[in-house]
Amino acid sequence: MEKVRVRFAPSPTGPLHLGGARTALYDYLFAKHNGGDFVLRIEDTDTQRFVPGAEDYIMESLEWIGMIPDESPKHGGPYGPYRQSERRDIYDRYTEQILKTDFAYMAFDTAEELDAIRAEYEARGEVFAYNYETRQRLRNSIALSQEEVQKLLDEKVPYVIRFKMPFDRVINLEDIIRGKFSVNTNTLDDKVLVKNDGMPTYHFANIIDDHEMKITHVIRGEEWLPSMALHILLYEAMGWQAPEFAHLSLILKPEGKGKLSKRDGDKFGFPVFPLNFTDPATGNVSRGYREDGYLPEAFINMVALLGWSPANDREILSMEEMIQEFDLHKVHKAGARFSVEKAKWFNQQYLQKLSNEEILPEFQKILAENHISIPENQALSIIGVMKERATFIKDIYQEGLFFFQKPETYNEKASKKAWGETTGELMTELIAKLETAHFTPEDIKHTLHELAEEKGLGMGKVMMPLRLALVGELKGPDVPDLICILGKEECISRLNLAISKFSS
Ligand code: GLU
């Protein structure tokens, strides 16, 4: 059997959005599931929409996610170059070839001429299409005599090459996800295959490259479904075997209707790009999942489940497990609704799986950014007690601010509840006990129980004011853990601070 080869073929017209990341992921999962190759091809024939930096951004996104292409502009490979702008000589060969068939012709119409015709149609309430009906009346090598064409060529009048859409043929198509459907060629127009500068358009370059690169499966967004019939006919015209196709449905807005757009991200405050992207034209920065604190494993797991259901409705899958399980037939035909809550849930799940040591470097980075320097073992202990409640690593810092600073104020409601007339005395006795206590959670727990017992008080009467003194409010991890992390000196200092605040 022929080796499965799948390509991800983005145009470098901006950052990779969620939909693009999902296409790349399904390309990758399908290729790897079948022991095949994952190829990155940059489709940069449209120079007008080219955005500098976009290609590097795409590569960096794939690397962040952990999908390293087997072949790409960066890694090279046996079927390169992998940037369309560098494949001109290959395209020239096939341009010559298709012109010799009955599937292509030269069209000399200028943009102004076509605009005028379009306007005429519009005035009549009709829409102009360059097709089987109109081509006979336009300036092309089908309508003109051979001499006229030769004359135009001699005069070096620029021309494009158009596909001659066959007349009234029913094209039967099959999509792996959507099944069978058919299209009548009379509904399709004569697409430009080669521009007047000799560069192929997307359609032509795309099928040439898929053929040359021995691509067996084309998995891409549903916006390309209407082009499938043309592509199949192009393969026929060139005498090549077409790959198999699978078109992925849209990713929908959180409310479920319409395509998820960058504006939705701005509006609801979530990223739609894997990494931050700075628009080189405007300097505007779009937020990325990486910079928002998502773990790549969580991001990619979330993306994978936008439109695919693994067996037994499993939700948490590693890349390896996804590769094992991936099945294009289980990809949904309907659009997938994006939910930022779900994205966060995935991150929270993955964060819990990390060891304290794995979280440490990122946590230390956040501490450094906030000019906090604490010993490594203290940082590890903080991670240990705060991780459970955190969705992002940055939450461990934000929710644990009290580890790094004494309370400046005490929550009013909590103070009323926790601190009574005699609490100051009780806390002073506690300080005395802490002076000689052994600072392990077990021993501290014992010390606190001992104090409560001696005083004939319930545990709450000891714990609440203590927590208030240490944190400033009635939240935070287990008190014995908190005490051990803060250490003797800091605890005593905070208790003294509270005693003096509440006694004044
Ligand atoms: N360059 C096209 C895009 O960016 C690729 C479409 C395809 O995969 O055929 O969407």
Side-chain angles (χ1 to χ4, degrees), residues 7 9 41 43 45-46 79-81 83-111 113-114 129-173 183-216 218 224 226-243 245:
R7 84 317 192 260
R41 180 173 76 227
E43 300 209 323
T45 54
D46 189 348
Y79 302 98
R83 253 180 229 111
Q84 288 190 327
S85 56
E86 295 164 15
R87 297 173 62 80
R88 177 67 190 263
D89 53 332
I90 300 171
Y91 304 138
D92 284 351
R93 252 184 12 239
Y94 291 121
T95 298
E96 225 173 278
Q97 184 180 328
I98 200 166
L99 259 182
K100 290 192 189 128
T101 72
D102 194 29
F103 283 97
Y105 61 93
M106 292 177 269
F108 298 89
D109 322 83
T110 64
E113 283 165 3
L114 291 177
Y130 209 120
N131 62 13
Y132 70 99
E133 270 190 306
T134 59
R135 68 169 84 99
Q136 291 298 343
R137 287 177 272 127
L138 294 156
R139 245 164 38 99
N140 56 52
S141 56
I142 293 175
L144 303 173
S145 69
Q146 241 177 359
E147 293 71 41
E148 285 171 309
V149 171
Q150 195 52 53
K151 192 162 168 272
L152 291 170
L153 289 177
D154 291 343
E155 286 166 6
K156 303 244 174 312
V157 173
Y159 62 89
V160 301
I161 295 171
R162 285 184 181 270
F163 185 70
K164 187 177 163 203
M165 192 50 79
F167 176 67
D168 199 22
R169 247 182 76 183
V170 174
I171 311 294
N172 293 313
L173 302 167
V183 176
N184 186 300
T185 51
N186 285 1
T187 62
L188 304 171
D189 62 351
D190 292 355
K191 283 269 180 291
V192 173
L193 299 180
V194 182
K195 291 175 271 190
N196 62 17
D197 60 0
M199 206 53 189
T201 57
Y202 155 72
H203 300 292
F204 198 37
N206 186 270
I207 66 114
I208 292 172
D209 290 343
D210 282 348
H211 169 74
E212 283 269 311
M213 296 181 176
K214 299 205 167 27
I215 299 302
T216 56
V218 170
W224 299 107
S227 300
M228 186 174 161
L230 168 66
H231 292 183
I232 293 288
L233 284 165
L234 276 168
Y235 282 103
E236 183 185 315
M238 301 303 286
W240 297 335
Q241 197 199 330
F245 288 87

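None of the values given here were measured: they were computed from a predicted structure. What you see below is based on every heavy atom in this structure, not just the backbone, and it leaves out hydrogens, waters and symmetry mates.
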Side chain of [X], backbone of [Y]: donor and acceptor closer than 3.5 Å?
{"X": "Ser85", "Y": "Thr45", "answer": "no"}
{"X": "Glu86", "Y": "Arg83", "answer": "no"}
{"X": "Thr134", "Y": "Ala129", "answer": "yes"}
{"X": "Thr201", "Y": "Val192", "answer": "yes"}
{"X": "Arg87", "Y": "Pro81", "answer": "yes"}

Review point. Does one side chain, of Tyr159 or Asn140, offer a donor that lies under 3.5 Å from an acceptor on the other?
Key: no
Can you tell me how far [atom2] of [Y] sits from [atom1] of [X], rounded to the nearest 0.5 angstrom?
{"X": "Ser145", "Y": "Gln150", "atom1": "OG", "atom2": "CD", "result": "10.5 Å"}
{"X": "Ile171", "Y": "Ile232", "atom1": "CD1", "atom2": "CD1", "result": "9.0 Å"}
{"X": "Asp109", "Y": "Leu138", "atom1": "CG", "atom2": "CG", "result": "5.0 Å"}
{"X": "Arg139", "Y": "Leu114", "atom1": "CZ", "atom2": "CG", "result": "9.5 Å"}
{"X": "Leu230", "Y": "Trp224", "atom1": "CG", "atom2": "CH2", "result": "11.0 Å"}
{"X": "Leu234", "Y": "Leu193", "atom1": "CG", "atom2": "CG", "result": "5.5 Å"}

Decide yes or no for [X] and [Y]: does some side-chain heavy atom of the first lie under 4.5 Å from some side-chain heavy atom of the second?
{"X": "Met106", "Y": "Leu153", "answer": "yes"}
{"X": "Arg41", "Y": "Tyr79", "answer": "no"}
{"X": "Leu188", "Y": "Arg169", "answer": "no"}
{"X": "Asp210", "Y": "Tyr235", "answer": "yes"}

Answer yes or no: does atom [atom1] of [X] have more than 12 heavy-atom neighbours from other residues, nucleotides or ligands under 6.0 Å?
{"X": "Lys195", "atom1": "NZ", "answer": "yes"}
{"X": "Glu155", "atom1": "CD", "answer": "yes"}
{"X": "Asp168", "atom1": "CG", "answer": "yes"}

Check your understanding: Parallel, tilted or perpendicular: which describes the rings of His211 and Trp240, with under 30° parallel and over 60° perpendicular?
Key -> parallel
Review point. Parallel, tilted or perpendicular: which fits the ring planes of Phe163 and Phe103, with parallel below 30° and perpendicular above 60°?
Key: parallel
Heavy-atom closest contact ([X] atom, [Y] atom, distance):
{"X": "Val149", "Y": "Ser141", "result": "CG2-CA, 3.7 Å"}
{"X": "Ala143", "Y": "Arg135", "result": "CB-O, 3.8 Å"}
{"X": "Pro243", "Y": "Ile215", "result": "CB-O, 3.5 Å"}
{"X": "Gln84", "Y": "Asn206", "result": "NE2-N, 3.9 Å"}
{"X": "Ile98", "Y": "Ala104", "result": "O-CB, 3.6 Å"}

Practice item. Starting from the C-alpha separation in whole Å, work towards a yes-or-no answer on side-chain contact (heavy atoms from CB on, under 4.5 Å) for Asp46 and Tyr202. Key: CA-CA 8 Å; Asp46 189 348; Tyr202 155 72; over 6 Å; no
Taking [X] first and then [Y], would you say they form a salt bridge - that is, a charged N and a carboxylate O separated by under 4.0 Å?
{"X": "Glu212", "Y": "Arg93", "result": "yes"}
{"X": "Asp92", "Y": "Arg88", "result": "yes"}
{"X": "Lys191", "Y": "Asp189", "result": "yes"}

Practice item. Give the intermediate values and the outcome of side-chain contact (heavy atoms from CB on, under 4.5 Å) for residues Val218 and Arg7. Key: CA-CA 7 Å; Val218 170; Arg7 84 317 192 260; 3.5 Å; yes
Exercise for review: Show your working on side-chain contact (heavy atoms from CB on, under 4.5 Å) between Tyr105 and Ile161 and close with a plain yes or no.
Suggested key: CA-CA 6 Å; Tyr105 61 93; Ile161 295 171; over 6 Å; no
